[in-house]
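Structure record follows, encoded as structure tokens.
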Amino acid sequence: MIDQQALAAAAAAAGLTLPEAAASQLDRYADLLVEWNEKINLTAITDPDGILRRHFLDCLLPLPALALPQGAAVIDVGTGAGFPGLPLCFARPDLRLTLLDSLAKRLRVLEEIVRETGVQDRVTLVHARAEEAGRGPMREQFDAAVSRAVAPLARLAEYCLPFVRPGGALFAYKGPAAGEELAEAARAIRLLGGEAADCLPYAIPGTDLRHTVVVLRKVSPTPAAYPRQSAKIQQKPL
């Protein structure tokens, strides 16, 4: 379904070497997304080139710069249709991935995708709200959190940083306004035990998209008061 040559060329240009199995895994993933999207609203992008560029390449191209340690435990917060977690999982077979989402029907789709792509031994699916799970046993258990198209950075930091152990990082996939979001989130990041480490801009070939991954390092434990309840996070960002 997806253009394998375009995938390989874009990956090579980004300095990314994909495992042999990744292309077939992404292809099967694309098939299942389109199939399930007729029953459940997973994505507005359903054409093969759009899935390749606006989903898969968008998730994968920053990977060489993310500095994820070997064997890292990664949580994808608000994973939705599996982005960015699953493409990263296919590209890095050493990663141990947790996909967290508040909608059970999405997770049922992801369960099939995980099984059909053969990564069930290293992917865990969790049905929970981030602000509740972040106060439970998963708190500060991950080397990294990733998230894409979930919330403005000030709110996203409160959802995600509680999952990350000190020394780890949050990688927030953002659009062209990433710098503005980072400035607005400065207080929240500091209160939650983080610090802004980097902004990694990248372009998606074959599109006019210019995106950025904002890197927040976890420098100290998140205070017990956070994350707050969802209503407070929404109504009164830190």
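These values consider heavy atoms only, across backbone and side chains, with no hydrogens, waters or symmetry-generated copies.
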State whether the number of non-hydrogen atoms from other residues, nucleotides or ligands found under 6.0 Å of E111 atom CD is greater than 12. no
With a 4.5 Å cut-off on side-chain heavy-atom distances among I, L, V, M, F, W and Y, is there a chain of contacts connecting V150 to L107? no
If we check side chain to side chain contact (heavy atoms under 4.5 Å, CB included) with L57, which of these qualifies: I2, L7, I51, L209? L7
Starting from the C-alpha separation in whole Å, work towards a yes-or-no answer on side-chain contact (heavy atoms from CB on, under 4.5 Å) for L16 and L61. CA-CA 7 Å; L16 177 62; L61 294 184; 5.6 Å; no
Any donor-acceptor N/O pair, D198 side chain to V215 backbone, under 3.5 Å: no
If we only count heavy atoms from C-beta on, is the V74 to L88 side-chain gap below 4.5 Å? no
Exercise: identify the closest heavy-atom pair between A188 and A154: CB-O, 4.0 Å
Does a side-chain N-to-carboxylate-O contact under 4.0 Å join E195 and K218? no
Hey, what's the ring geometry for F83 with H55, parallel, tilted or perpendicular (30° and 60° as the breaks)? parallel
To the nearest 0.5 Å, tell me how far R28 CZ sits from L32 CG. 4.0 Å
side-chain contact (heavy atoms from CB on, under 4.5 Å) between L99 and L97, worked out: CA-CA 6 Å; L99 300 174; L97 177 66; 3.6 Å; yes
Quick one: do L63 and F56 end up in the same hydrophobic cluster if we chain Ile, Leu, Val, Met, Phe, Trp and Tyr together by side-chain heavy atoms under 4.5 Å apart? yes
Q229 atom CD, neighbour heavy-atom count above 12 within 6.0 Å: no
Y29 with V146, same ILVMFWY side-chain cluster at under 4.5 Å: yes
Has R96 got a side-chain atom pairing as donor or acceptor with G71's backbone, closer than 3.5 angstrom? yes
What donor-acceptor contacts under 3.5 angstrom involve side-chain atoms of residues 161-183, with partners at least two apart or in another chain?
from: R165; atom 1: NH1; to: D143; atom 2: OD1; distance (Å): 2.7
from: R165; atom 1: NH1; to: D143; atom 2: OD2; distance (Å): 3.4
from: R165; atom 1: NH2; to: Q141; atom 2: O; distance (Å): 2.8
from: Y173; atom 1: OH; to: C59; atom 2: O; distance (Å): 2.7
from: K174; atom 1: NZ; to: A151; atom 2: O; distance (Å): 2.5
from: K174; atom 1: NZ; to: E181; atom 2: OE1; distance (Å): 2.9
from: E181; atom 1: OE1; to: L153; atom 2: N; distance (Å): 2.8

Nearest non-hydrogen partners of R148 and P84, listed with the distance: CB-CD, 3.6 Å
Give a yes or no on whether the backbone of V77 and the side-chain of S147 come within a donor-acceptor separation of less than 3.5 Å. yes
For atom CZ of R187, decide whether the heavy atoms of other residues, nucleotides or ligands shown that lie under 6.0 angstrom number more than 12. no
Would you give the length of the straight line joining atom CG of L103 to atom CZ of R129, rounded to the nearest 0.5 angstrom? 9.0 Å
Backbone N/O of G134 and side chain of R139: donor-acceptor pair under 3.5 Å: yes
Q234 CD to E158 CD distance, which is reported to the nearest 0.5 Å: 10.0 Å
Would a single hydrophobic cluster contain both I45 and V109, if residues Ile, Leu, Val, Met, Phe, Trp and Tyr are joined by side-chain heavy-atom contacts under 4.5 Å? yes
Quick check: is V123 connected to L95 through a chain of hydrophobic side chains (ILVMFWY, heavy atoms under 4.5 Å apart)? yes
Whether the D58 and H211 side chains hold a donor-acceptor pair (N or O, under 3.5 Å, no angle test) is what I'd like checked. yes
Is any side-chain heavy atom of V126 less than 4.5 Å from a side-chain heavy atom of I75? no
Determine whether a donor-acceptor pair (N or O, by modelled atom type, separation under 3.5 Å) exists between the side chain of R53 and the backbone of T207. no
When you look at R54 and D49, which way does the salt bridge (Lys or Arg N to Asp or Glu O under 4.0 Å) test go after all the steps? CA-CA 8 Å; R54 296 174 179 266; D49 192 65; over 6 Å; no
So, does R135 use its side chain to make a donor-acceptor pair with the main chain of P227 at under 3.5 Å? yes
Q120 CD to L125 CG distance, which is reported to the nearest 0.5 Å: 10.5 Å
Show the numbers, then the answer: is there a side-chain contact (heavy atoms from CB on, under 4.5 Å) between M1 and L52? CA-CA 9 Å; M1 180 182 185; L52 170 63; over 6 Å; no
Is there a donor-acceptor contact under 3.5 Å from the side chain of D3 to the main chain of Q5? yes
Would you confirm whether Q25, through its side chain, and G118, through its main-chain N or O, come within 3.5 Å as a donor-acceptor pair? no
Using side-chain heavy atoms (C-beta onward) and a distance below 4.5 Å, is T222 in contact with L191? no
Side chain proximity check, E184 to P152, heavy atoms < 4.5 angstrom: no
Atom OG1 in T212, atom OH in Y202: separation rounded to 0.5 Å? 7.5 Å
Atom CG of L100 and atom CE of M138: how far apart are they, to the nearest 0.5 Å? 5.0 Å
Should T79 and L110 be marked as a side-chain contact (heavy atoms from CB on, under 4.5 Å) after you check the CA-CA gap, both sets of side-chain angles, and the distance that decides it? CA-CA 10 Å; T79 187; L110 291 175; 3.7 Å; yes
For T98, does its backbone N or O pair with a side-chain atom of T124 as donor and acceptor, under 3.5 Å? no
Charged N to carboxylate O below 4.0 Å: is that the case for E131 and R228? no
